[in-house]
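See structure below.
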Amino acid sequence: MTKNVVAFNQLSQTVRDVLEAIGYKEICRHFTPAPPPVSISLWKLLIVLVRATSLRFGLLEKRIDALIEAGADTFAFRRCNFV
């Protein structure tokens with residue numbers, strides 16, 4: 001399955017270009033985009049951790065570090081509904 005993905009910096013530049021093109025050059029100068037919200041499934045992470053117990057919190061740390069490096073500054077963990 002192919003996902004359509006646009007890099008955050010490319011999306012930010014496109015928004016700036018469009019603002020300038022439609023006559024909002026002043027707003028464009030003050031435009032400061034925020035990284036998109038990130039959602040991590042704790043359930044899926046738990047399954048991975050149970051299967052590979054040697055990784056434990058190292059996996060979580062690596063994933064959060066990668067998200068921070070990508071520009072994420074806010075994290076919201078979803079609640080797990082156990083059936």
Side-chain angles (χ1 to χ4, degrees):
M1 179 185 297
T2 304
K3 292 184 179 180
N4 296 325
V5 178
V6 177
F8 181 72
N9 58 348
Q10 181 183 356
L11 178 62
S12 300
Q13 187 58 50
T14 301
V15 170
R16 285 186 188 94
D17 293 344
V18 169
L19 286 171
E20 189 170 340
I22 62 174
Y24 290 101
K25 192 172 185 176
E26 185 62 32
I27 292 174
C28 176
R29 290 183 208 159
H30 301 287
F31 175 69
T32 307
V38 175
S39 177
I40 298 173
S41 168
L42 292 179
W43 179 248
K44 288 179 183 176
L45 183 60
L46 177 64
I47 290 171
V48 170
L49 291 174
V50 167
R51 288 182 182 158
T53 55
S54 62
L55 295 178
R56 301 230 183 247
F57 288 102
L59 177 61
L60 178 60
E61 181 181 23
K62 286 180 184 178
R63 287 188 178 184
I64 290 175
D65 286 346
L67 293 169
I68 291 170
E69 287 178 21
D73 62 359
T74 304
F75 299 95
F77 293 99
R78 291 184 300 200
R79 182 177 167 162
C80 297
N81 293 322
F82 297 98
V83 178

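Just the heavy atoms: all of them, side chains too, but no hydrogens, waters or symmetry mates, feed the values below.
The same ILVMFWY cluster, assembled from side-chain heavy atoms under 4.5 Å apart, contains both Leu42 and Ile64. Using a 4.5 Å cut-off between side-chain heavy atoms of Ile, Leu, Val, Met, Phe, Trp and Tyr, with links allowed through other members, Tyr24 and Val15 fall into the same hydrophobic cluster.
Rounded to the nearest 0.5 angstrom, Thr14 OG1 and Leu19 CG are separated by 11.0 Å.
With contacts defined as side-chain heavy-atom distances shorter than 4.5 Å, the pair Glu20/Arg16 does not qualify.
Taking a 6.0 Å sphere around CZ of Phe31, one finds it holds more than 12 heavy atoms contributed by other residues, nucleotides or ligands.
One side chain, Gln13 or Asp17, offers a donor N or O that lies under 3.5 Å from an acceptor on the other.
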